[in-house]
Every structure is written in C-alpha cells, then in structure tokens.
Enquirer: 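Quick one: structure below, then a few questions.
Each chain gets a letter, A, B and so on, in the order the sequences are listed, and its residues count up from 1.
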Protein chains: 2
Amino acid sequence: MPANDRSRRITIDDVARSAGVSRQTVSRAVNDKPEIDPATRQRVLLVAQSMGYRPSRFARGMVGPGLTTLGLVIADVLNPFFPEVVSGVLAAADERGWQVAVYSTGSALERETAVAETVVNHVDACIAFLLDPGAIELIRRSGMPFVLLDNEHRPPAVSGGRIDFAGGMRQVVGHLVERGHRRIVMLDDRGRPDAGDRGTRHSLFLGAAAELGLPADESWVFPAANSLDGGAAAMDDVLDTGFGATAVLGYNDLIAIGAMRRARDRGVRVPEDCAFVGCDGLTLSRLVDPPLTTLTVDKELLGRAAVRQVAAQMTGAGTGETVIEPRLVVRASS
Amino acid sequence: MPANDRSRRITIDDVARSAGVSRQTVSRAVNDKPEIDPATRQRVLLVAQSMGYRPSRFARGMVGPGLTTLGLVIADVLNPFFPEVVSGVLAAADERGWQVAVYSTGSALERETAVAETVVNHVDACIAFLLDPGAIELIRRSGMPFVLLDNEHRPPAVSGGRIDFAGGMRQVVGHLVERGHRRIVMLDDRGRPDAGDRGTRHSLFLGAAAELGLPADESWVFPAANSLDGGAAAMDDVLDTGFGATAVLGYNDLIAIGAMRRARDRGVRVPEDCAFVGCDGLTLSRLVDPPLTTLTVDKELLGRAAVRQVAAQMTGAGTGETVIEPRLVVRASS
DNA sequence: AACGTTCCCGTGAGCGCTCACGGAGCACTG
DNA sequence: CAGTGCTCCGTGAGCGCTCACGGGAACGTT
C-alpha cells in the first residue's frame with residue numbers, strides 16, 4: 001500500500017472500480033443508505049478506507065444545499081473582549097446548524113481589505129468587527145448577509161450591532177460625579193479612526209461630562225494603544241503631565257487595568273487618590289486588585305443578536321440594528 | 001426589483017441570460033479576467049449585482065483546488081486557555097492560506113461525538129482537544145490529517161501535541177519543597193476521564209512528590225470543576241476537611257485562582273499561611289492579587305506546532321508528536 | 001488583395017457527487 | 001405459470017462553475 005498519489009485525489013469512481021461496484025453503491029455504503037447488502041457495504045467501506053477515500057465536500061455541496069458557513073471577523077482573539085462574542089456566535093450558529101469560520105485582522109487596519117476579500121469568496125454570510133470603509137464596502141457589495149458590529153460609522157445599508165454608549169457614558173460620569181470627582185481623564189483607543197466624530201466613546205464621554213456641568217474638553221482625553229501596556233504608558237502620560245485627574249476612564253477594561261496597575265506601581269492609592277473605571281465588563285475586571293468598576297456589556301448577547309440578524313437577512317428581511325444596553329457595575333476601584 | 005426568490009439560487013446562467021452574454025463572459029467579468037471589453041464587464045457586473053448573484057463556492061471548489069478548511073475543536077472559548085491556542089492556529093493557518101472553522105464542545109463530553117461527525121464531513125483537516133475515544137476514533141478513521149492536543153490517552157496512530165508535565169510537575173513540587181512545604185494539595189479537574197492513569201497531571205504530581213520524598217497519596221488530590229467557582233468550591237473542601245495544606249496546586253490557573261480567592265475570603269493569608277500554584281500561565285495569572293506562580297505553557301506555540309503537523313500530514317508524512325516544555329514562573333503567591 | 005494579429009466572445013467538456021429511475025434476481029402467492 | 005412484491009444494484013442526468021479551445025470581427029501588414 002503506497003502513500004497516496006498527491007497529484008489527484010481519490011474519487012468515488014476510483015473506489016467503485018476498485019471494489020467492483022458502481023458509484024451509487026459506494027455512495028450508499030459511505031452515506032449509510034439502506035438499499036445495500038450489509039456484506040457489500042462492509043467490503044466497499046474497507047476498500048474505501050484502504051484507498052484513503054474522502055468524499056469531496058464541494059461535490060456534495062453542489063447537489064445538496066451544502067453547509068452554511070458563517071464568517072466571523074474579529075480583531076484579535078487575544079483581546080479578552082472577543083472570546084465572549086465568539087462564544088455567543090458559535091452557540092447561536094450551532095443552533096442553526098451552521099459552521100463558523102473565524103478570521104482575525106490582528107487589529108491591523110491595513111489587513112482588513114485582504115481579510116474582507118477572503119471572506120467574500122469563501123463564506124455565505126458575515127459578522128465582522130471592521131473599521132476600514134473599503135473593506136466594509138467590499139463585503140456589502142458582495143450582497144451576502146452582513147452584520148457589522150461596534151462601528152460608529154456604519155453605512156446605513158448594512159445591519160449592525162451597537163452598544164448604547166451614550167447611556168453608558170452618562171452612567172459612568174454620573175457615578176464619578178456623585179463620588180465627588182471633578183477632573184476625569186479618558187484614555188482613548190488611538191487605534192480607531194476618526195475618533196473625534198459623534199458616536200464614539202470619546203465624544204460621548206465629553207458630552208456626558210458637559211451635560212453634568214464639568215468643563216471637559218479635548219485635553220481630558222489621552223490616546224492609548226489598545227492593550228495593558230498601552231494603558232500603562234498612557235497613565236504615565238497622565239501622571240507626568242500633572243493633569244491632576246482624580247478619576248480615569250479607560251476606553252476598555254484592558255486599558256483601564258493597565259493604567260490602574262501602573263498608577264499603583266507609582267504610588268497612587270486606588271481609589272483614594274484616583275478612581276478607575278473601565279468599559280466592557282471583562283471577567284478579568286472582577287479578578288484584578290482592586291476589582292475594577294466597569295461598564296459591563298453582554299458580549300455573548302451581542303454575538304447571538306448578530307447571528308439572529310444574519311439569519312433574518314437570509315430569509316429576505318432588510319437591514320436592521322440591535323442595540324445593547326450596558327450596565328455599570330461598581331466595584332472597589334471607584 | 002422584488003426580493004430574491006428564496007426557492008432557487010441565482011446562477012451564472014441566469015445572469016448570462018439576463019445580460020445577453022454567455023456564462024463565460026459573466027465569469028470573466030466576475031473574476032477580473034483580461035479577455036473582456038471593459039464596457040461589457042461593467043454592464044455584466046451591474047446586472048449581476050442587481051440580481052443578487054453570488055458565485056457558488058462549491059461549484060468553484062469543484063473545478064479549482066478550492067480553499068483548505070482546517071477544523072479546530074476546542075472545549076470552550078471562554079476558558080482563557082484556548083484563545084491563545086486559537087491565536088496560534090489562526091496565524092499559522094493564515095500563513096498557509098487556510099481557513100479555520102472553530103467548533104466548541106462546551107466542555108461536554110457527550111457533545112464530542114456530534115462535533116466530530118460534523119468535522120469529518122465539513123473540513124479538510126482537524127486539530128482537536130477531545131477526550132471521548134469514540135469521537136477521536138471517528139476522526140481518525142475518516143483518514144483526514146488530524147492532530148490531537150493535550151490528551152494523555154492519545155492512540156498511537158494519531159499525531160499529537162503534548163505538554164511535558166512530567167518535567168513541569170518536578171519543577172513545581174521542587175519549588176514548593178524548597179520553600180519548605182511538606183503538605184501539598186492538588187485540585188484536579190474532575191471533568192477529565194481516567195484521572196488515575198499514568199501521564200495525567202494528577203499522577204505526575206503524585207509521582208514528583210514521591211520522588212522528592214513526600215508521603216503523597218490519593219488523599220492529596222481533591223476534585224474540582226474546571227472553572228473559578230469550581231476552584232473555590234474545592235478550596236472549601238480542603239479547608240473544611242482540615243487537611244492542613246500549606247500549598248495548593250491547581251490543575252490550571254482558573255482553578256488555582258478560584259481557590260486562592262476563596263482562601264483569602266476565608267481569612268487565609270497568601271502565601272504565608274498557604275501558597276498557590278497554577279498551571280498554564282494565563283495572562284490573567286499576572287493580574288490577580290497576589291500574582292500567581294504558575295507553570296507557564298506557550299499555548300500559541302502549541303497551536304502553531306499543531307498546524308505544522310497537520311501540514312506535514314498533508315504532504316504524506318506520517319504521524320508524530322510535538323512536546324512543549326513548560327516553564328515555572330514564580331510570583332508572589334508562593 | 002491575401003494574410004497574420006489582436007481583441008472579444010461563445011461552446012463543449014468535465015470536476016465529484018447524489019437523486020430519480022429502472023432492471024435483474026429471488027421468493028412467495030393464487 | 002403468470003403475477004406481485006421485495007431486495008439489491010446500476011445508469012443517466014444534472015448541480016454551477018472554470019478551462020481549453022475555436023471563431024468572428026476589426027485592424028494592420030506584406
């Protein structure tokens with residue numbers, strides 16, 4: 001028994017010929033169809049196995065309806081925000097008998113177009129965290145069911161899942177003001193484009209602060225790379241510039257935690273000298289010291305809702321929007 | 001323009017007819033082939049778009065080589081062990097131009113067979129964390145390239161990725177003995193079958209302890225559910241039975257952290273009264289309080305190595321084994 | 001004027017599989 | 001012995017697409 005000839009794959013006809021039966025009989029054996037003699041099935045199966053026969057999923061997909069593959073584009077699995085979304089998507093897709101292909105852009109804007117091109121050619125529907133308008137347009141134009149998540153600049157023609165950070169930021173700032181804070185810094189994710197636009201956490205934070213009578217302006221916002229280290233570095237900036245913040249709001253928990261750790265390392269007492277608040281509500285935020293106050297988002301629900309919207313589009317429904325309401329969970333860091 | 005007829009999908013011939021050209025011309029337009037008049041291409045593309053035409057990836061796969069889809073079966077994305085593996089697999093698969101379909105068993109042994117069946121029919125190769133021998137056999141028999149990870153009972157006929165916990169456990173116990181500990185408890189994952197066999201962390205821990213002269217036996221091992229809460233509950237058992245442990249080793253970081261938190265909540269000082277050590281080296285373990293000593297495993301490397309093995313099998317190479325060496329990172333918890 | 005070239009487009013064939021049908025062989029009935 | 005039913009198996013057709021080839025029109029060349 002030589003190794004497989006790598007030039008051409010083994011087909012059902014090869015097996016049929018080798019077993020001295022017809023294609024159809026091989027098909028019956030492989031697919032557990034009833035109209036076949038048990039002895040024949042056994043023999044055919046043995047031949048198939050020994051030849052290393054594996055049915056082509058493409059040929060199968062041609063005749064039957066084939067399996068629906070849902071593409072899920074995320075920035076980075078290592079960012080603890082995404083596993084929860086993935087979990088929701090996997091569960092909801094599984095309920096519908098779909099397969100999920102995961103793509104990661106590695107948080108690199110320039111990779112988004114390449115990923116979008118792959119997605120367009122190889123999946124039946126798509127749920128994506130994307131920022132590059134070109135990449136988004138590419139998928140939109142393909143005409144496949146498409147849900148875009150967590151993008152404040154979503155074109156009106158595509159469905160989306162949005163988190164109501166307007167309400168969320170009011171909760172956060174309200175809480176801090178109530179605790180007596182008057183000088184609040186936000187560590188923004190500098191990786192996101194057009195950060196000054198309406199609808200971003202950035203602008204919603206400033207808006208909420210203004211609403212509550214704080215003299216907030218752009219100087220209250222510090223850019224940070226989206227990681228623990230990014231948060232730490234941004235905290236250095238805040239402390240070094242002598243801004244005098246009594247509270248720090250992170251674009252997300254990762255940034256907030258990184259900042260909080262750096263602050264403590266530099267002798268800042270939390271929350272006495274400075275309070276810290278995050279966004280997203282990662283499991284992680286409960287476990288750090290001190291436990292982090294955070295604007296919790298049900299990320300699993302976000303994933304499930306996205307699948308539901310994709311499914312709706314498949315049955316011909318139009319585009320829509322799902323809004324998730326965040327909830328402020330107050331812990332020891334504020 | 002009415003909504004799509006959901007009964008039958010639009011084919012290339014539909015577009016051809018509607019645009020008054022041949023199939024081939026449509027194909028040329030859609031695939032950006034050169035042998036076509038730019039004006040015709042534009043017109044055809046417009047028709048195709050308006051009809052909602054999307055090429056069938058199955059039909060495409062029939063003729064060309066098609067895209068390789070790698071199946072990745074994990075227990076649960078929410079378990080922070082897996083995202084790092086997924087990250088490695090995604091990166092390595094991407095380098096080879098493969099797509100990755102992720103499946104989750106939800107840590108439910110009884111779901112493994114169903115997942116295995118899906119995998120067998122819908123992917124070209126498979127990397128899996130599986131425990132059920134039936135599910136494993138199912139994939140093995142399919143003849144597809146297959147790498148089984150983190151399973152001490154792997155059949156010899158399948159490739160695998162293994163973490164050298166024998167050496168790891170010697171490091172852990174050695175470290176604890178050096179610190180003066182003589183009575184060490186292990187919180188084992190009770191979800192894994194045949195926990196008493198050779199090769200499990202459980203037995204390797206007892207072996208290492210015996211090697212170093214400790215009177216270890218089965219009573220030193222407490223079962224725990226694989227989660228933070230599971231670790232906490234197991235810690236309750238340890239404390240309530242009055243075992244008098246001065247050090248606790250978790251099956252993984254999750255269990256160890258859960259246990260450590262519960263211990264502190266009950267007034268145990270860490271590490272003065274009791275030291276804690278985890279396994280896996282999650283990012284998380286650095287951030288908890290106190291930072292957790294842990295046997296760190298390069299999970300991303302594990303994923304990459306698995307992809308490399310799968311690729312090797314595709315080119316006809318036989319089965320093999322990759323061994324990853326863990327490294328003890330000592331922090332404040334011990 | 002006859003020929004080659006280039007550009008654009010269409011026609012068969014075939015990828016590997018399953019579905020719908022038909023037919024051979026056997027047993028059992030009236 | 002014809003008729004009926006059942007079990008098992010094989011034959012065409014077709015899924016939607018691309019590749020290889022060929023052909024017509026318009027141009028330029030000798």
Side-chain angles (χ1 to χ4, degrees), chain A residues 4-5 7-45 47-48 51-69 120-124 142-144, chain B residues 4-5 7-45 47-48 51-69 120-124 142-144:
Chain A
N4 285 350
D5 184 356
S7 62
R8 202 181 59 86
R9 75 176 291 149
I10 314 271
T11 75
I12 198 172
D13 288 293
D14 296 329
V15 178
R17 209 168 316 123
S18 178
V21 294
S22 72
R23 284 186 314 234
Q24 187 58 20
T25 300
V26 177
S27 173
R28 281 191 265 254
V30 170
N31 297 6
D32 258 321
K33 293 287 173 63
E35 314 97 336
I36 184 174
D37 187 291
T40 315
R41 156 178 299 139
Q42 208 54 37
R43 190 166 51 84
V44 170
L45 247 34
V47 173
M51 295 178 73
Y53 168 66
R54 306 211 328 101
S56 151
R57 69 166 191 279
F58 294 114
R60 276 186 166 163
M62 284 245 56
V63 45
L67 181 67
T68 299
T69 299
V120 161
N121 285 320
H122 298 292
V123 304
D124 305 305
S142 80
M144 76 170 84
Chain B
N4 286 350
D5 183 355
S7 61
R8 203 181 60 84
R9 75 175 293 150
I10 315 270
T11 74
I12 197 172
D13 288 292
D14 296 330
V15 178
R17 210 168 315 127
S18 178
V21 294
S22 72
R23 285 187 311 237
Q24 187 59 19
T25 301
V26 177
S27 174
R28 281 190 265 254
V30 170
N31 296 5
D32 258 321
K33 292 287 173 66
E35 314 97 335
I36 183 175
D37 188 291
T40 314
R41 155 177 298 138
Q42 209 54 37
R43 190 166 51 84
V44 169
L45 247 32
V47 173
M51 295 178 72
Y53 168 66
R54 306 213 326 102
S56 152
R57 70 167 191 280
F58 294 113
R60 276 185 167 164
M62 283 246 56
V63 46
L67 181 66
T68 299
T69 299
V120 162
N121 286 319
H122 299 293
V123 304
D124 304 304
S142 80
M144 78 171 83

Enquirer: Quick one: B/Asp13 CG to D/dG16 P, roughly how many Å, whole number?
Expert: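 Between P of D/dG16 and CG of B/Asp13: 8 Å.
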Enquirer: Can you sort out the partners of A/Ser18 under side chain to side chain donor-acceptor pair (under 3.5 Å), two or more places apart, ordered by chain and number?
Expert: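 For A/Ser18, no residue satisfies side chain to side chain donor-acceptor pair (under 3.5 Å) once neighbours in sequence are set aside.
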Enquirer: Using the C1' atoms of the five pairs at each end, what is the angle between the end axes of the helix from C/dA1-D/dT30 to C/dG30-D/dC1, to 10°?
Expert: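 Comparing the axis at each end, I get an angle of 60°.
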Enquirer: Rounded to whole Å, please give me the gap between CZ in B/Arg17 and C1' in D/dG16.
Expert: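 Rounded to the whole Å, the gap is 13 Å.
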Enquirer: D/dT18, C/dG16, C/dT18: which one has an atom nearest the side-chain heavy atoms of A/Arg60?
Expert: C/dT18
Enquirer: To the nearest Å, how far apart are A/Arg28 CZ and D/dG10 C1'?
Expert: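 Going from A/Arg28 (CZ) to D/dG10 (C1'), I get 8 Å.
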Enquirer: Indicate whether OP1 or OP2 belonging to D/dC17 is found under 4.0 Å from a side-chain N or O atom of B/Ser56.
Expert: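 Negative; the distance criterion is not met.
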Enquirer: Listed by chain and number, what are the side chain to side chain contact (heavy atoms under 4.5 Å, CB included) partners of A/Ala48, not counting sequence neighbours?
Expert: A/Val15, A/Tyr53
Enquirer: Extract from the structure each pairing of a protein N or O with an N or O of nucleotides 12-14 of chain C at less than 3.5 Å, listing the distance.
Expert:
residue, atom, partner, partner atom, Å
C/dG12, N7, B/Arg23, NH2, 3.3
C/dG12, O6, B/Arg23, NH2, 2.8
C/dA13, N6, B/Arg23, NH2, 3.4

Enquirer: In residues 37-45 of chain A, what donor-acceptor pairs under 3.5 Å come from side-chain atoms, sequence neighbours left out?
Expert:
residue, atom, partner, partner atom, Å
A/Asp37, OD1, A/Ala39, N, 2.7
A/Arg41, NH2, A/Lys33, O, 2.6
A/Arg43, NH1, A/Ala19, O, 2.9

Enquirer: On a heavy-atom basis, which atom in B/Met144 and which in B/Val120 lie closest, and how many Å separate them?
Expert: CE-CA, 3.4 Å
Enquirer: Heavy atoms within less than 4.0 Å of DNA chain D: which residues of residues 30-42 of chain B have one? Give them sorted by number.
Expert: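 Those residues whose heavy atoms fall under 4.0 Å from DNA chain D, taken from residues 30-42 of chain B in numerical order, are B/Asn31, B/Lys33.
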Enquirer: In whole Å, I'd like the distance from the CD1 atom of A/Ile10 to the C1' atom of C/dC17.
Expert: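 After rounding, the gap between these two atoms is 16 Å.
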Enquirer: Once you round it to whole Å, what is the distance between C1' of D/dC15 and CZ of A/Arg57?
Expert: 17 Å
Enquirer: Got a list of protein N/O to nucleotides 26-28 of chain C N/O distances below 3.5 Å?
Expert:
none

Enquirer: Atom CE of A/Met62 to atom P of C/dC19: distance rounded to whole Å?
Expert: 14 Å
Enquirer: Applying side chain to side chain contact (heavy atoms under 4.5 Å, CB included), can you list everything that pairs with B/Ala16, at least two apart in sequence or on another chain?
Expert: B/Val26
Enquirer: Could you measure the distance from the OG1 atom of A/Thr25 to the CD atom of A/Glu35? Nearest 0.5 Å is fine.
Expert: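 One gets 10.0 Å once the value is rounded to the nearest 0.5 Å.
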Enquirer: For a quick test of reading the model, state the closest non-hydrogen atom pair linking B/Ala59 to B/Ser56 and the distance between them.
Expert: N-OG, 3.0 Å
Enquirer: Which one, D/dT18, C/dT11, C/dC17, comes nearest to the side chain of B/Ser22?
Expert: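 So the nucleotide nearest the side chain must be C/dT11.
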Enquirer: Any salt bridge (Lys or Arg N to Asp or Glu O under 4.0 Å) pairs touching residues 54-69 of chain B, not counting sequence neighbours?
Expert: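 For residues 54-69 of chain B, and leaving out neighbouring residues, the salt bridge (Lys or Arg N to Asp or Glu O under 4.0 Å) pairs sorted by first residue read A/Asp124-B/Arg57.
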Enquirer: Applying salt bridge (Lys or Arg N to Asp or Glu O under 4.0 Å), which residue pairs with at least one partner in residues 14-29 of chain B are found, sequence neighbours left out?
Expert: B/Arg8-B/Asp14, B/Asp14-B/Arg17
Enquirer: Side chain of B/Ser27: nearest nucleotide among C/dC17, C/dG10, D/dT18?
Expert: D/dT18
Enquirer: For nucleotides 24-27 of chain D, give me every protein contact, N/O to N/O, under 3.5 Å, one pair per line with atom names.
Expert:
none

Enquirer: Just how far is it from atom CD of A/Gln24 to atom CD1 of A/Ile12, taken to the nearest 0.5 Å?
Expert: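 Separation between the atoms: 7.5 Å.
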